[in-house]
Amino acid sequence: MISPTHVELLDTPAQPVRLDWPDTLTPGYVMQITVSLTQSIGTMLAEQNDTMPSSQSPSFFITEILGRIMLPVTFAVMLLLAVPVVYIPPRAGTRSWLPIWCLGAGLLFVVFQGLLRALGNAGTLPSLMAIFVGILIFILGVITVLLRIEER
């Protein structure tokens, strides 16, 4: 007899053994654990609250949720990093290193934020710190640079 909730082991000829299959473990849950797809915040919260199965740690979900919430602020920081280019005098005929420095700062921000986020996903760094520290450091850095440019 084949049953979706019981498995018979046929290896033991003397006495068949019946194992109960958990009713809550459906094929959809098994697929969710094995396949890594982009998940919605609702799905991640459900996995965090143990209402859905998960193969990730709780720190991964908290970091990912905070990262998605702070994504517009991250884009604003990238725009702020480009603002010093506005201070290049138009038609001056001189070469300026300012665009290169702005591009380098943007790359440094992306790498630094990715490193902090990876540490937050692994649980090595608290999730709040992993998301907010990089953004705060670069916002303060850009404000400092803009104030120094304005003083000239």
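The figures here come from the full heavy-atom set of this structure, side chains too, leaving out hydrogens, waters and symmetry mates.
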Worksheet entry | Residue pair V77 / V142, side-chain heavy-atom distance below 4.5 Å | no
Worksheet item: Roughly how far, to the nearest 0.5 Å, is the CZ atom of F61 from the CD1 atom of I41?
Response: 12.5 Å
Practice prompt. Of all the heavy-atom pairs spanning S59 and A122, show the shortest one and how long it is.
Written response: OG-C, 4.0 Å
Worksheet entry | L79-L103 co-clustered via ILVMFWY side chain contacts under 4.5 Å | no
Discussion item. In this structure, would M44 and I131 fall into the same cluster of hydrophobic residues linked by side-chain contacts under 4.5 Å?
Written reply: no
Discussion item. Less than 4.5 Å apart, side chain to side chain, heavy atoms only: is that true for L146 and Y87?
Written reply: yes
Worksheet item: Rounded to the nearest 0.5 Å, how far apart are CG of N121 and OG of S127?
Response: 7.5 Å
Practice prompt. Taking the side chain as every heavy atom from C-beta outward, state whether L125 and L116 have any pair of such atoms under 4.5 Å apart.
Written response: yes
Worksheet item: Once the angle between the rings of F138 and F112 is folded into 0 to 90°, is it parallel (under 30°), tilted (30 to 60°) or perpendicular (over 60°)?
Response: tilted
Discussion item. So does G120 get a backbone contact from the side chain of T124, meaning a donor-acceptor N/O pair under 3.5 Å?
Written reply: no
Fill in: Same apolar cluster: I135 and L108, side chain cutoff 4.5 Å
yes
Worksheet item: Is it true that I143 and V133 fall in one hydrophobic cluster, defined by side-chain heavy atoms closer than 4.5 Å?
Response: yes
Worksheet item: In Å and rounded to the nearest 0.5 Å, what is the CG to CG distance from L71 to L66?
Response: 12.5 Å
Worksheet item: Same cluster for V145 and W101 if Ile/Leu/Val/Met/Phe/Trp/Tyr side chains link at under 4.5 Å?
Response: no
Worksheet item: Can you name the nearest heavy-atom pair linking I149 to P84, along with the distance?
Response: CD1-CB, 3.9 Å
Discussion item. I want to check something: taking the side chain as every heavy atom from C-beta on, are V73 and M70 in contact at a cut-off of under 4.5 Å?
Written reply: yes
Worksheet entry | Rounded distance (nearest 0.5 Å) linking atom CD1 of I139 with atom CZ of F109 | 8.0 Å
Worksheet item: Are side-chain heavy atoms of I88 and S96 found at a separation under 4.5 Å?
Response: yes
Discussion item. Can you tell me how far apart CD1 (I65) and CD1 (I69) are? Round to the nearest 0.5 Å.
Written reply: 7.0 Å
Worksheet entry | Side-chain heavy atoms of L81 within contact of M78, under 4.5 Å | yes
Worksheet item: Taking all non-hydrogen atoms of both residues, which atom of E64 and which atom of R117 are closest, and how far apart?
Response: OE1-NH2, 3.2 Å
Worksheet, complete the sentence: OG1 (T74) and CZ (R68) are apart, to the nearest 0.5 Å, by 13.0 Å
